[in-house]
Amino acid sequence: MTARALMVLRRRSLPALAGMALVWLAGCAQLPLGEPTASFGNIGKAGMSGTAPVSVGPFRPSPGVSPALDKGLSVRSNTVVSPIDASFAQYLRQTLVTDLQAAGLYDPASPTRVSGFLTDSTLDVPLDTGHASLGARFVVVRLGKTVYDKELKASASWPSSFVGMEAIPTGVNQYAALYHMLVGKLLDDPDYRTANPK
Amino acid sequence: MSRSISRFQTLLNLARAIPMLGLLALTGCASFYVDTATKEIPADAYKKPASPHPVQVVFEFQTKGVANARATQYLAPLVMEQIKGSGLFSELKTTPVEGGALLSVVLNNVPLTDDAFSKGFVTGMTFGLAGSQVSDGYVCTMKYIARPQAPAISSTARHAIHTVMGAKDGPANGTKMDSLDMAVKTMTRQVVSTALDELSRDPEFK
């Protein structure tokens, strides 16, 4: 092999080495979810719900569940974390506030207050079918009286990939989408609508 | 040095938002071409309503139909600014507006070449001697509801970014971009302008 050929090979191998370095860098990374933005679907659901504006109280992990459930999810040696106080419960709270604000149904001064307890949070990205689930107990209190108390759950399954660079972001997107799905279930729930009429 | 770190950070953010394109950009062996079929339509060309109304805008970037919060966060300011400058609305807000007008903008990334990784892998294994090309499609869908309970009117526009790896000529139907960041922002500006133009020409858009 000539010196020139070696130089060409070395020059062309640099990008490949950079790629390998990236894969190494990507391992054990912290992957924060994106900040919650309003969901068009949930704005529509809120509009149809016929419910009154609410305030949003504290959200926290449900008593009895591991605190780790709130902190992070391990996905192929990466850790998915919440950008809101490093807490998935706070991420759910912010998602609810964002959707309610966008629908004109958020009023911090409202005597009706929604609080939540995170009961479930999983993300599994194997080589065949990915699965994610999210659960929370929503409690609505009006003037000191509990008018709604129910656990709601959302889940998703999707074809996963062998390639981590594709499978991990897909899994993270699927998991993050569950937050709007769960809020949508609350807005859709006839019991919630009955408990919080306009 | 700090400029290099900042550029690397931008690429890392893009890699997390739009993974496969971002990965190829980080490896440094990829070139990005914005498809030439969809061109930017200047705001002057839109059919402006006689008296523009305020509107609430909800933007969402999706990957294969699933919301991608990081990419949404990355592109939302660009899209909002473009709609603001369109002259089609008197005011833009992310909360409800007087009159109840609502505009949903969804930009969905759909892979046109589903084996992007294997193509990139082959290019990498041959140190770039075996070049390859992958294409990503983008579908921009706008839904506009003039007032609560009013029927939605919609418009759709399509675009693509072609990524060339290794020793392969660029596509004839692509304009080469200096970076992935420029490719994504150019594609977004062009596809949003096309969807806005179509929306403005709907007889029900007043």
Side-chain angles (χ1 to χ4, degrees), chain A residues 8-23 25-26 29 31-44 47-48 83 91 95 98-99 101-106 156 158-159 161-181, chain B residues 11-12 15-20 22-30 56-74 76 93-97 100 102-106 111 114 116-118 120-121 123-129 143 145 148-149 152 165-167:
Chain A
V8 168
L9 190 59
R10 195 169 62 183
R11 197 169 64 231
R12 288 191 167 153
S13 67
L14 280 175
L17 289 173
M20 288 165 69
L22 170 73
V23 172
L25 277 169
L31 305 173
L33 300 175
E35 297 276 342
T37 54
S39 151
F40 182 69
N42 282 351
I43 293 173
M48 302 286 283
Y91 193 82
T95 304
T98 303
D99 280 347
Q101 269 176 336
L105 290 179
Y106 177 66
W158 62 93
S161 169
F162 172 80
V163 183
M165 201 64 194
E166 186 181 339
I168 296 167
T170 299
V172 171
N173 288 343
Q174 292 278 357
Y175 171 75
L178 295 181
Y179 284 82
H180 281 304
M181 197 187 292
Chain B
L11 280 172
L12 268 180
R16 286 166 177 166
I18 307 167
M20 193 49 73
L23 171 65
L24 297 173
L26 278 160
T27 63
C29 63
Q56 177 183 5
V57 179
V58 180
F59 169 69
E60 184 172 273
F61 187 97
Q62 298 179 344
T63 302
K64 296 185 188 177
V66 179
N68 181 333
R70 290 194 67 89
T72 299
Q73 199 178 326
Y74 177 72
K93 291 174 84 172
T94 54
T95 50
V97 294
L102 179 60
L103 175 68
S104 156
V105 181
V106 173
D114 231 350
F117 179 80
S118 58
F121 190 72
T123 302
M125 288 304 284
T126 59
F127 302 110
L129 293 170
K143 283 185 186 165
I145 300 169
Q149 317 305 333
M165 294 157 286

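Nothing here was measured: the structure is a model prediction, and the numbers come from that model. Proteins get letters first, then strands, A, B, ... in listed order; numbering begins at 1 in each.
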Check V58(B) against S39(A) and note the closest heavy-atom contact, atom names and distance.
CG1-C, 4.4 Å
Measure the NZ-CZ distance between K143(B) and F40(A) for me, rounded to the nearest 0.5 Å.
6.0 Å
Proximity breakdown for A103(A) and chain B, heavy-atom pairs closer than 4.5 Å
backbone
I need the minimum non-hydrogen distance between P96(B) and Q101(A), along with the two atoms involved.
CD-O, 3.3 Å
Please give me the minimum heavy-atom distance between E166(A) and K64(B), naming the atom from each residue.
OE2-NZ, 3.3 Å
On a heavy-atom basis, which atom in T72(B) and which in T37(A) lie closest, and how many Å separate them?
CG2-OG1, 3.8 Å
Side chain / backbone / both / neither for A102(A) at chain B, heavy atoms under 4.5 Å:
both
Between the side chain of R70(B) and the main-chain N/O of N173(A), is any donor-acceptor distance below 3.5 Å?
no
Select one option (side chain, backbone, both, neither) describing which atoms of I43(A) are under 4.5 Å from chain B's heavy atoms.
side chain
